[in-house]
Amino acid sequence: MTPVVIECAINGVTPKATNPHVPVEPSEITADALACIAAGAAIIHNHIDLYGVSVERAVERYLEGWRPILEARPDALLYPTIHFEQGFSISYEHLIPLAAAGMRVGLTDPGSVNLGGVDDGVPTGDLVYRNSFQTIGRAFDICREANLGPSLAIYEPGFLRAALAWWRAGRLPQGAMVKLYFATENGYLGAPFGLPPTERALDAYLELLDGCDLPWAVSIVGGDLCAHPIAELALARGGHLHLGLEFYRGERTPTNVELVTEAVALCQRAGRAVATPDQAAEILGLP
């Protein structure tokens, strides 16, 4: 069976108050990413600590952490989150200069979803993570023109149906990977979204993917992937793993390296090898 691609999302919006091991500063991101790659991660995803800045400033902040990684590991596969502009509007334009600097993996979040907290058991807040079809198309165009394989974050089933529409039309950029985000009741910011981490939910996604040869991974938002049965189910069915402190919620305060190490051990128990960055690039078919 194909080696397992382990992707580690090392920070996201998780604060150090939640877990002191979350890397925030560029030097912390460098050290954590290199350690995770050494432990078995093939792909590293991170956010920066600046919002509402120019594309140029955001790119430079990413590269502060990435340049030393790429110097030490030219094979490293790194990619950012979307670019947050003033007023929380989003764009993907930062992918262009990052690709010019050596990035090989891009991203497209092919849909929109409500994200928020919980007040007395009821979802609250006015944050709509919005990706219109026009924005999605622009993101795919950027990835295609910049030779980036888009990482596809699937928050809701509609996200996957949209991505598959581009795939069926032959307009999905080469090197795409589908990441199935299953949310616990904790969700990302406190409120749940999408499908829960159950076998029936996984089957529903795999039904949509039937006949599609795109590689896919499972992730648990607001939980602990390697401690959950869905990780073993995914490995048995040919899937890959997406984990890290961005989505981890639990009683422990692990490091990203500990989470990657646990994923490697899980793959070994499942009888599947773990992909190196070069093998991951081949599995994804990166340009």
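Along the sequence shown, residues carry numbers from 1. Only a predicted model underlies this, so the values are computations on that prediction, with no experimental measurement involved.
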Chemist: Assign the ring pair Phe133 / Trp166 to parallel, tilted or perpendicular, where the plane angle (0 to 90°) is split at 30° and 60°.
Modeler: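 The arrangement is tilted - the two ring planes meet at 30° to 60°.
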
Chemist: What distance do Leu235 atom CG and Ile230 atom CD1 have between them, rounded to the nearest 0.5 Å?
Modeler: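 Reported to 0.5 Å precision, the distance equals 11.0 Å.
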
Chemist: State plainly whether the residues Glu60 and Arg67 are in salt-bridge range, i.e. N to O under 4.0 Å.
Modeler: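 Looking at Arg67 together with Glu60, the answer is yes, because their closest N to O distance falls below 4.0 Å.
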
Chemist: With rounding to the nearest 0.5 Å, note down the distance linking NE2 in His242 to NZ in Lys179.
Modeler: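 His242 NE2 to Lys179 NZ: 4.0 Å, rounded to 0.5 Å.
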
Chemist: Decide yes or no for Trp216 and His240: does some side-chain heavy atom of the first lie under 4.5 Å from some side-chain heavy atom of the second?
Modeler: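 Answer no - side chains too far apart.
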
Chemist: I need the minimum non-hydrogen distance between Gly106 and Cys143, along with the two atoms involved.
Modeler: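 Where Gly106 meets Cys143 most closely, the heavy atoms are CA-SG, 4.3 Å.
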
Chemist: Strictly by modelled atom types, are Ser132 and Thr135 linked by a side-chain donor-acceptor pair under 3.5 Å?
Modeler: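 Yes - a donor-acceptor pair under 3.5 Å links their side chains.
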
Chemist: Regarding Glu28 and Lys16, does a basic nitrogen lie under 4.0 Å from an acidic carboxylate oxygen?
Modeler: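 Counted as a salt bridge, because a side-chain N and a carboxylate O are separated by less than 4.0 Å.
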
Chemist: Nearest 0.5 Å, what's the CD1-CG distance between Ile43 and Leu284?
Modeler: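 If we round to the nearest 0.5 Å, Ile43:CD1 and Leu284:CG are 5.0 Å apart.
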
Chemist: Less than 4.0 Å between a side-chain N and a carboxylate O, is that true for Glu282 and Arg104?
Modeler: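 Between Glu282 and Arg104 there is no salt bridge, as every charged N stays at least 4.0 Å from the carboxylate O atoms.
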
Chemist: Could you walk me through whether Phe193 and Glu156 pass the side chain to side chain contact (heavy atoms under 4.5 Å, CB included) check?
Modeler: CA-CA 7 Å; Phe193 62 82; Glu156 304 268 4; 3.9 Å; yes

Chemist: Are Arg252 and Glu262 close enough for a salt bridge, meaning some N to O gap below 4.0 Å?
Modeler: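 The answer is yes: the pair qualifies as a salt bridge.
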
Chemist: Look up atom CG in Leu245 and atom OG1 in Thr14, then write down how far apart they are to the nearest 0.5 Å.
Modeler: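 Those atoms lie 6.5 Å apart.
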
Chemist: Quick check against the 3.5 Å criterion: does Asn11 have a side-chain atom that pairs as donor or acceptor with the backbone of Pro23?
Modeler: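 Yes, the answer is positive, given that a donor and an acceptor are paired below the 3.5 Å cut-off.
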
Chemist: Looking at side-chain heavy atoms only, is the closest gap between Tyr129 and Ser112 below 4.5 Å?
Modeler: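 With C-beta onward as the side chain, the pair stays apart.
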
Chemist: What are the two closest heavy atoms between His83 and Ser54, and how far apart are they?
Modeler: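 Heavy-atom minimum between the residues: CE1-O, 3.6 Å.
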
Chemist: With side chain to side chain contact (heavy atoms under 4.5 Å, CB included) as the test, would you mind laying out the steps for Leu241 and Val4 before giving the verdict?
Modeler: CA-CA 7 Å; Leu241 302 177; Val4 179; 4.1 Å; yes

Chemist: What about the rings of Phe247 and Tyr181, do their centers lie closer together than 6.0 Å?
Modeler: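 Centroid distance Phe247-Tyr181: below 6.0 Å, so yes.
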
Chemist: Could you label the plane-to-plane angle of the Tyr62 and Trp66 rings as parallel, tilted or perpendicular, counting under 30° as parallel and over 60° as perpendicular?
Modeler: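 Taking Trp66 first and then Tyr62, their aromatic rings sit tilted (interplane angle of 30° to 60°).
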
Chemist: Compare all side-chain heavy atoms of Val59 with those of Pro80 and state whether any distance is below 4.5 angstrom.
Modeler: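 A side-chain contact under 4.5 Å is absent here.
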
Chemist: For a 4.5 angstrom cut-off between non-hydrogen side-chain atoms, does Leu266 reach Arg269?
Modeler: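 Yes, close enough: below the 4.5 Å cut-off.
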
Chemist: Would you name the heavy atoms of Thr184 and Pro192 that are closest together and state the gap between them?
Modeler: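 Between these two residues, the closest heavy atoms are O-CB, 3.5 Å.
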
Chemist: Quick one: closest heavy-atom pair of Ala58 and Val53, and the distance?
Modeler: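 Looking at all heavy atoms of both residues, the closest pair is N-CG2, 3.9 Å.
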
Chemist: Starting from the C-alpha separation in whole Å, work towards a yes-or-no answer on side chain to side chain contact (heavy atoms under 4.5 Å, CB included) for Asp49 and Glu25.
Modeler: CA-CA 7 Å; Asp49 55 351; Glu25 296 293 327; 3.9 Å; yes

Chemist: CG of Asn147 to CD of Glu145: how many Å apart, nearest 0.5 Å?
Modeler: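 Atom-to-atom, Asn147:CG and Glu145:CD are 10.0 Å apart.
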
Chemist: Write down the atom of Leu214, the atom of Val178, and the distance for their closest heavy-atom approach.
Modeler: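 For Leu214 versus Val178, the nearest heavy atoms are CD1-CG2, 4.0 Å.
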
Chemist: Does a salt bridge link Arg144 with Asp141, judged by any charged N lying under 4.0 Å from a carboxylate O?
Modeler: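 Looking at Arg144 and Asp141, the cut-off is met.
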
Chemist: I'd like to know if Glu93 pairs up with Arg138 as an ion pair, taking the criterion as any Lys NZ or Arg NE/NH1/NH2 lying under 4.0 Å from an Asp or Glu carboxylate oxygen.
Modeler: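 Yes.
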
